[in-house]
Each structure stands twice: as C-alpha cells, then as structure tokens.
Amino acid sequence: MTNTAARQGSSDIARQVRTDPVVQAFWLLRIGFTVAPILFGLDKFAGLLTDWDGYLAPAIDRLVPGSAHQAMLAVGVIEIVAGIAVAVLPRFGGYLVAAWLGGIIVNLLLLGNFYDVALRDFGLLLGALTLARLATAVDATRFLGRR
C-alpha cells in the first residue's frame, strides 16, 4: 500500500467514525466493554470498589474449589481476559462478555437480594450482544490498519 493510499484509507476511516452512527455505536460499546471488565477484574485484586466476596452466592461458593476470595480472584482474571478479548476480537469478545454477564445474573439471583444489580447486568448483557452483532457489520480490522 502506498503512502497516498494509506492516507486515503485513514481519511475514510476518520470520516466514518465522525459521521456514521453505526460505527460510532460500535466504538462506544467496544471501548466500554474493553475498559469496564478490565477495571472490574483488576479491582477483584485491589478491593477498592467493594468487598467482592460478598457477591458470591453460597450455592456457587460450594461448587467452586477454594474460598470465596480465591473464587473472586479467578473471576477477576476472567474479567480481564474478557476485556482484552473485546479489544482484540469484538465479534467473539462481545459474546464472551454476554455469557459472563449471564453467569453473573444467575449468581445474583441466587443471592436473592441484588435484583436491581441483576437487572442492570441484563441491560449490559444486551449491550454486549449488540456489540458482537455490530462487530459483524463494522469491519474492525480496517480501523486497526490490518486487512
């Protein structure tokens, strides 16, 4: 690819990001579903936002090996991986995050006193599914300089 062709491609991409609502929605969701899982995953180790161990349903805690704290550390690693997956492969990562949110919703419903958070997470699940679908319409590799 020549420099002129590369500049023209960059110009087309910049124009799409500025003007195409589908491309804008894709990038908003991609950034959000990259950053949020990574930050939540890191906080499983730092514990700045909340005491995450309290969000693990006793029924789930009995199923997984180790303590609730160890389970939440594993959850943190999975969330970080999911965020990276969205950044690198949004078509796959969107579905991965949606499935993970589905598991979180089941866990919250088993706890019995976080229905509001479960409902919010259902909305996030729909957003993650939307990202995966938009990723099929918006060829993300064009925006990363790969063909």
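What you see is a predicted model; the values in this text were computed from it and never measured.
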Would you please test L126 and F122 for side-chain contact (heavy atoms from CB on, under 4.5 Å) and show each step? CA-CA 6 Å; L126 294 176; F122 180 71; 3.7 Å; yes
If every non-hydrogen atom of G54 is compared with every non-hydrogen atom of F114, which pair is closest and at what distance? O-CE1, 4.4 Å
Considering all heavy atoms of both residues, which atom of G32 and which atom of P37 are nearest to each other, and what is their separation? O-CD, 3.8 Å
Same cluster for V117 and L119 if Ile/Leu/Val/Met/Phe/Trp/Tyr side chains link at under 4.5 Å? no
Calculate, to the nearest 0.5 Å, the distance between atoms OG1 and CG belonging to T136 and L131 respectively. 10.0 Å
Give the minimum heavy-atom separation between D61 and G66, together with the two atoms involved. OD1-O, 4.1 Å
Measuring from atom OG1 of T50 to atom CZ of F40, what distance do you get when rounded to the nearest 0.5 angstrom? 10.5 Å
Could you check whether any side-chain N or O of R91 sits under 3.5 Å from a backbone N or O of R133, counting only pairs where one atom can act as donor and the other as acceptor? no
Chi angles and distances behind the side-chain contact (heavy atoms from CB on, under 4.5 Å) call for L73, V77: CA-CA 6 Å; L73 293 177; V77 171; 6.0 Å; no
In this structure, CD1 of I38 is separated from CD1 of I84 (nearest 0.5 Å) by 5.0 Å
Once salt bridge (Lys or Arg N to Asp or Glu O under 4.0 Å) is applied, what residue pairs with a partner in residues 103-120 remain, sequence neighbours excluded? none
For the residue pair V88 and R30, what are the closest heavy atoms and their distance? O-NH2, 4.0 Å
Separation between CG (D51) and CG (L56), nearest 0.5 Å, reads 11.0 Å
Not counting sequence neighbours, list each pair that qualifies as a ring-ring contact (aromatic ring centres under 6.0 Å, His included) and has a residue in residues 58-91. none
Closest heavy-atom pair and its distance - V75, K44: CG1-CE, 3.9 Å
Donor-acceptor list for residues 92-112 side chains, cut-off 3.5 Å, not counting sequence neighbours:
from: W100; atom 1: NE1; to: E79; atom 2: OE2; distance (Å): 3.4
from: N107; atom 1: OD1; to: A57; atom 2: N; distance (Å): 2.8
from: N107; atom 1: ND2; to: Y55; atom 2: O; distance (Å): 2.5

Would you name the heavy atoms of Q24 and T19 that are closest together and state the gap between them? NE2-N, 3.7 Å
Report whether L124 and L28 are members of the same hydrophobic cluster (ILVMFWY, side-chain heavy atoms less than 4.5 Å apart, transitive linking). no
